[in-house]
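Just below is one structure, and these are the notes that go with it.
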Amino acid sequence: MGPLNGIRVVEIAGIGPGPFAAMMLADLGADVVRIDRADRVRDEIPDTPHFDVLNRGRRSVGVDLKHPDGVETVLKLVESADGLIEGFRPGVAERLGIGPDECLARNPRLVYGRMTGWGQDGPYASMAGHDINYIALSGVLGAIGRTGEAPVPPVNLAGDFGGGGMLLALGMVAGMLEARTSGQGQEVDASMVEGSALLITMIYGMHGLGAWGPRGTNLLDTGAWFYDVYECADGEYISLGSLEPQFFAEMVEKLGIDADGIDQNDRSTWSEMRIRLTEAVKAKTRDEWCEILDGSDVCFAPVLSLAEAPEHPHNAARGTFVEVGGIPQPGPAPRFSRTPPQVVRPAPHPGEHTAEALADWGFDAAGVAALQESGAVK
């Protein structure tokens with residue numbers, strides 16, 4: 001029973017950051033009901049779990065949001081919910097009849113979470129976009145990459161998930177906590193532009209002080225030779241992050257680097273020292289470097305693939321990854337000593353739990369049957 005046990009959340013199905021926020025809330029114990037489109041519901045639900053692991057931990061109800069009784073179904077769910085999450089473009093939820101005004105009229109304590117890229121207003125609010133665009137506007141993308149090369153998108157981690165879904169999850173928890181004392185709900189406007197900007201706050205601070213230069217020339221962006229990834233003899237890579245003097249000293253000793261008389265922070269030496277370190281790392285395989293550097297204070301880790309990471313002894317010992325529905329995936333986090341989070345069920349197929357979930361949320365059997373008969377739910 002996670003720390004959010006007893007919290008109820010309605011999730012309007014979307015992609016990426018919205019489902020990730022809902023997944024985090026469900027992992028932490030919230031009862032999250034996912035509203036999937038009725039036309040996505042199959043006549044026969046497969047026996048195997050759905051492939052989209054972002055949807056784990058919750059039940060799915062198939063609803064036709066263009067049917068008046070489908071809209072009414074959502075609003076009735078809202079009446080006993082603590083929160084709602086939606087990821088439409090601004091104005092879409094209002095046009096469907098499930099916007100914040102309608103929902104808060106049914107439940108004044110509701111926290112209404114909105115996940116967008118640009119935010120609910122502003123010149124870009126109505127434009128389409130994706131992670132790469134949002135982090136471009138926040139300055140994050142322009143800061144990532146090697147010197148003299150184009151910016152490198154960090155997959156879709158900084159916008160969709162770190163600056164989007166995780167920010168929304170925090171906003172929902174904060175809003176629901178406040179509602180318990182004030183008795184009043186509110187909207188949470190989570191924007192990936194602003195979320196990704198928050199993630200790079202420290203770098204903005206350094207930039208403001210004149211301590212952060214062009215992309216790829218700084219301590220943390222591959223500018224420094226002692227904070228980078230290096231190729232091994234077998235074509236695999238290791239990561240080194242020996243920033244502090246004591247860790248730096250251990251790195252050059254264990255890797256056999258001739259650094260006598262070298263000032264770690266003397267940038268005039270960085271190019272030559274990078275060559276020395278590149279040659280040293282290239283002389284051994286990744287596994288050989290693990291034997292030498294594991295357990296040290298070099299600030300080292302092997303660069304693992306998605307297939308390798310779950311099998312690493314540290315991750316295995318911590319239970320960092322779990323297997324749900326036959327699919328290895330990151331487990332719930334963070335850890336709690338008394339109310340540990342867990343994945344209570346694999347990802348559902350659309351409409352897999354329509355009757356069950358509606359019954360648990362207060363709908364009577366006859367009412368559910370009538371909704372199914374009308375096509376409002378499936």
Side-chain angles (χ1 to χ4, degrees), residues 1-5 7 9-36 40 42 45-61 85 87 113 115 130-131 153-170 172-173 190 192 195-196 199 236-237 239 301-337 339-353 357:
M1 307 296 283
L4 295 184
N5 179 46
I7 294 292
V9 176
V10 176
E11 171 199 4
I12 309 300
I15 59 173
F20 181 62
M23 183 198 82
M24 293 191 67
L25 298 177
D27 282 352
L28 296 177
D31 179 5
V32 183
V33 169
R34 177 178 168 90
I35 305 300
D36 278 298
R40 298 277 179 90
R42 299 186 186 183
I45 301 297
D47 293 332
T48 55
H50 197 271
F51 69 89
D52 191 347
V53 299
L54 282 181
N55 296 341
R56 74 189 188 196
R58 46 242 207 237
R59 294 178 291 184
S60 171
V61 174
I85 290 173
M115 183 75 261
H130 277 298
D131 178 293
V155 201
N156 61 338
L157 299 179
D160 279 348
F161 299 112
M166 196 169 289
L167 181 74
L168 178 58
L170 172 63
M172 293 299 294
V173 171
M192 286 178 251
S196 61
L199 293 177
E236 301 292 346
Y237 290 82
S239 67
V303 178
L304 303 178
S305 69
L306 297 177
E308 293 172 318
E311 306 300 324
H312 188 275
H314 179 80
N315 292 334
R318 290 272 299 171
T320 303
F321 294 85
V322 297
E323 185 171 306
V324 182
I327 303 175
Q329 55 198 269
R335 308 295 175 90
F336 292 80
S337 62
T339 57
Q342 61 181 317
V343 180
V344 296
R345 57 174 57 86
H349 292 277
E352 184 174 347
H353 308 99

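We number each residue from 1, following the sequence as shown.
Taking Pro340 as the reference, nothing meets the side-chain contact (heavy atoms from CB on, under 4.5 Å) condition, with sequence neighbours excluded. The side-chain contact (heavy atoms from CB on, under 4.5 Å) search around Val303 returns Val229, Tyr237, Ser239, not counting sequence neighbours. Asp160 pairs by the side chain to side chain donor-acceptor pair (under 3.5 Å) definition with Asn156, not counting sequence neighbours. Residues forming a side chain to side chain donor-acceptor pair (under 3.5 Å) with Glu311 (at least two apart in sequence, or on another chain): none. Applying the side-chain contact (heavy atoms from CB on, under 4.5 Å) test to Met24 and every residue at least two apart in sequence or in another chain returns Phe20, Met166, Ala169. Among residues two or more places apart in sequence or in another chain, the side-chain contact (heavy atoms from CB on, under 4.5 Å) test is passed with His312 by Pro302, Leu304, His314, Asn315.
How far CD of Gln342 is from CG of Leu28: 11.0 Å, rounded to the nearest 0.5 Å. Rounding to the nearest 0.5 Å places CZ of Arg56 at 14.0 Å from CZ of Arg34. Rounded to the nearest 0.5 Å, atoms CG (Asp131) and CZ (Phe161) are 8.5 Å apart. We find the CG-CG distance between Leu167 and Leu170 to be 6.5 Å, quoted to the nearest 0.5 Å. Annotation: the span from Gln329 atom CD to Leu306 atom CG amounts to 13.0 Å, rounded to 0.5 Å.
Looking only at side-chain heavy atoms (C-beta outward), Phe321 and Pro328 stay at 4.5 Å or farther from each other. Considering only heavy atoms from C-beta on, Pro350 comes within 4.5 Å of His50 through its side chain. In this structure, Leu168 and Ile85 have side chains that are in contact, with non-hydrogen atoms separated by less than 4.5 Å. Val53 has its side chain out of reach of Val324: every pair of non-hydrogen atoms, C-beta onward, lies at least 4.5 Å apart. At least one side-chain heavy atom of Met172 sits under 4.5 Å from a side-chain heavy atom of Leu25.
Residues Pro49 and Gly325 approach most closely at CG-CA, 3.7 Å, considering heavy atoms. When every heavy atom of Gly331 is checked against every heavy atom of Val322, the shortest pair comes out as CA-CG2, 3.8 Å. The two residues Gly164 and Met192 make their nearest non-hydrogen contact at CA-CG, 3.7 Å. Taking both residues in full, the closest heavy atoms of Ile327 and Phe51 are given as CD1-O, 4.1 Å, listed atom of the first, atom of the second, then distance. Considering all non-hydrogen atoms of both residues, Ala158 and Ser196 come closest at O-CB, 3.5 Å. Minimum interatomic distance between Leu54 and Arg58 (heavy atoms only, all atoms of both residues): O-NH1, 2.6 Å.
Considering Val344, Val32, Asp31 in turn, Asp31 is the only one that fulfils the side-chain contact (heavy atoms from CB on, under 4.5 Å) rule with Arg59.
Using modelled atom types, one side-chain atom of His353 and one backbone atom of Ser60 make a donor-acceptor pair closer than 3.5 Å.
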Fill in: Working for side chain to side chain contact (heavy atoms under 4.5 Å, CB included), residues Val173 and Leu4
CA-CA 9 Å; Val173 171; Leu4 295 184; 4.2 Å; yes
